[in-house]
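One structure is given below, encoded as structure tokens.
These numbers come from the heavy atoms of this one structure, side chains and all, not from hydrogens, waters or symmetry mates. One-based numbering along the sequence shown.
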Amino acid sequence: MKQDFLFKASNISKYYGQNIGCKNVSLDINPGEILGIVGESGSGKSTLLNCIYGNLEVDEGDIFLNDKSEKILNFTKISEPKLRLIQRSDLAFVHQNPRDGLRMNISAGGNIGERLMAVGHRNYGEIREIALNWLEKVEIDISRIDDKPSTFSGGMQQRVGLARAISANPDVLLMDEPFSALDPLIRRQLQDEFIKLSKQLQKTTVFITHDLDEAVRIGDRIAIMKDGVVDQIGTAEEIVMNPQTEYVANFVAGISRLKVVKAHAIMKPNVTDLSINTPSVRNNVVNLDASLTEIIEMSIQRPGDIYVVDAEKVVGVIEQSDILKTVIEGTE
Ligand code: ADP
Ligand code: MG
């Protein structure tokens with residue numbers, strides 16, 4: 001039977017002597033999702049990602065990969081050569097520092113070509129074609145294909161690193177603080193490009209960041225780590241609306257509800273069976289995933305209740321007081 005997870009960490013712990021790297025972590029990584037792991041420095045993010053990748057051996061627990069053959073593999077039980085084969089063909093790892101993932105003394109195209117050859121490509125023309133295509137996708141001027149990454153800026157190097165990592169068409173992309181070494185402007189630009197690219201590719205991605213805003217902007221779901229433990233995992237909206245620990249509540253206190261809270265979390269379910277064709281309803285509708293900002297804008301233009309629709313049906317009502325309550329609770 002096909003399982004819905006791609007990766008599953010089940011109660012994994014990793015110790016460095018007396019130090020806890022990560023402890024009792026369980027999480028599912030779903031096909032196609034972007035999961036952001038966020039936490040302060042030393043909270044165990046890199047340890048967790050390296051355990052998932054198989055670079056670090058876990059001390060307790062299991063890591064399951066639902067691979068292409070639809071067999072579920074236990075990463076902690078397979079042989080070393082098999083693990084390396086899976087890392088090469090099914091996974092890709094992007095490091096914080098592009099120097100750790102790129103060879104600086106061979107060309108940008110060569111870096112991608114090397115990755116492609118590792119998964120069996122042999123035809124030179126074909127390899128160059130794919131390399132050009134990926135450089136274009138990460139918005140590197142293709143005339144620079146034969147230049148060495150050592151002559152590129154940090155942002156361009158990270159782009160080549162990304163192109164190299166995804167060129168072999170991995171199932172899962174794992175990234176350890178891929179944007180944090182970059183200047184703020186370049187960083188924002190690369191985040192935006194990554195969001196665009198990942199929408200096209202629909203590639204399952206786990207990325208680490210110590211920047212909560214980055215996690216909210218990029219991630220479909222967020223896991224918040226502290227002292228080696230995942231305190232909470234969920235959408236930004238779920239976490240902001242319902243933090244499970246005091247630490248998480250404080251950690252997410254700065255996220256504006258305007259960005260993350262959607263209509264479905266504010267509305268009262270429609271119990272009166274209102275029709276979308278009622279004149280007072282028709283002009284005041286939003287979708288289930290309308291943001292709080294959109295709802296406020298509509299409420300300024302058209303006072304009165306706002307109706308939430310899904311598939312041409314009214315599924316909920318938002319009164320002005322619901323909007324105000326949501327905003328006020330977020331500022332406490
Ligand atoms: P993060 O990536 O969130 O900054 P890490 O996973 O690097 O956190 O580290 C988690 C904890 O494990 C920290 O307390 C760190 O000091 C410790 N740690 C990480 N790597 C080692 C190591 N090689 N030897 C000893 N302790 C380590
Ligand atoms: Mg780290």
Side-chain angles (χ1 to χ4, degrees), residues 1-15 20-39 43-95 101 115-116 118-121 162 164-176 178 198-208 215 218-225 228-235 238-239:
M1 191 187 77
K2 179 116 180 96
Q3 304 284 321
D4 50 5
F5 68 89
L6 198 56
F7 254 118
K8 185 199 272 295
S10 176
N11 281 310
I12 61 168
S13 300
K14 170 75 191 170
Y15 305 98
I20 294 173
C22 67
K23 190 165 168 59
N24 253 328
V25 172
S26 294
L27 51 84
D28 285 8
I29 297 161
N30 305 317
E33 84 167 329
I34 303 182
L35 176 66
I37 299 176
V38 61
S43 58
K45 306 180 297 293
S46 295
T47 302
L48 176 59
L49 199 70
N50 279 287
C51 286
I52 292 173
Y53 185 60
N55 256 356
L56 279 177
E57 223 173 288
V58 298
D59 293 312
E60 292 156 6
D62 296 292
I63 291 158
F64 300 104
L65 173 68
N66 204 349
D67 91 334
K68 287 179 190 132
S69 63
E70 300 192 11
K71 265 196 315 223
I72 295 176
L73 298 172
N74 188 340
F75 250 41
T76 58
K77 303 261 172 8
I78 57 181
S79 70
E80 181 82 16
K82 172 94 181 161
L83 177 66
R84 299 290 164 230
L85 182 71
I86 290 171
Q87 285 181 336
R88 229 177 18 246
S89 58
D90 296 357
L91 311 178
F93 201 102
V94 177
H95 299 265
R115 185 79 190 81
L116 291 168
V119 293
H121 286 266
L162 190 59
R164 174 181 157 108
I166 42 189
S167 62
N169 196 23
D171 290 336
V172 189
L173 185 60
L174 304 167
M175 306 199 288
D176 192 349
S198 67
K199 284 215 173 84
Q200 280 173 32
L201 301 175
Q202 309 243 312
K203 180 117 355 234
T204 308
T205 302
V206 184
F207 77 101
I208 285 179
I218 301 179
D220 296 316
R221 289 193 307 153
I222 300 169
I224 296 178
M225 287 194 82
V229 175
V230 172
D231 263 15
Q232 192 165 354
I233 179 165
T235 63
E238 283 162 0
I239 296 175

Sub-4.5 Å side-chain heavy-atom contact between [X] and [Y]:
X      : Y      : result
Leu162 : Met175 : yes
Leu49  : Asn55  : no
Asn30  : Asp220 : no
Tyr15  : Ile20  : yes
Phe7   : Asp171 : no
Leu48  : Lys14  : no

Drop me the distance from [X]'s [atom1] to [Y]'s [atom2], to the nearest 0.5 angstrom.
X      : Y      : atom1 : atom2 : result
Ile37  : Ile29  : CD1   : CD1   : 6.5 Å
Phe75  : Lys82  : CZ    : NZ    : 9.5 Å
Leu65  : Tyr53  : CG    : OH    : 12.5 Å
Asp90  : Leu85  : CG    : CG    : 7.5 Å
Ile239 : Arg221 : CD1   : CZ    : 9.5 Å
Lys203 : Ile34  : NZ    : CD1   : 12.0 Å

Test log, rule side chain to side chain donor-acceptor pair (under 3.5 Å), inputs Lys8 and Asn66: CA-CA 8 Å; Lys8 185 199 272 295; Asn66 204 349; over 6 Å; no
Taking all heavy atoms of Phe93 and all of Ala165, pick out the closest pair and write down the distance. O-CB, 4.5 Å
Which atom pair, heavy atoms only, marks the closest approach of Leu83 to Gly54? CD2-O, 3.6 Å
Run the numbers on Arg164 and Val94 for side chain to side chain contact (heavy atoms under 4.5 Å, CB included), then give the verdict. CA-CA 9 Å; Arg164 174 181 157 108; Val94 177; over 6 Å; no
Heavy-atom neighbours of Glu57 CD exceed 12 at 6.0 Å: no
Donor-acceptor pair, distance only, cut-off 3.5 Å: does the side chain of [X] make one with the backbone of [Y]?
X      : Y      : result
Ser26  : Ser10  : no
Glu60  : Asn11  : no
Lys45  : Gly39  : yes
Thr204 : Pro31  : no
Arg115 : Ser167 : no

side-chain hydrogen bond (donor to acceptor under 3.5 Å, both in side chains) involving Ser46 - partner list, sequence neighbours excluded: Asp176
Does the side chain to side chain contact (heavy atoms under 4.5 Å, CB included) test come out yes or no for Val172 and Ile52, once each step is laid out? CA-CA 11 Å; Val172 189; Ile52 292 173; over 6 Å; no
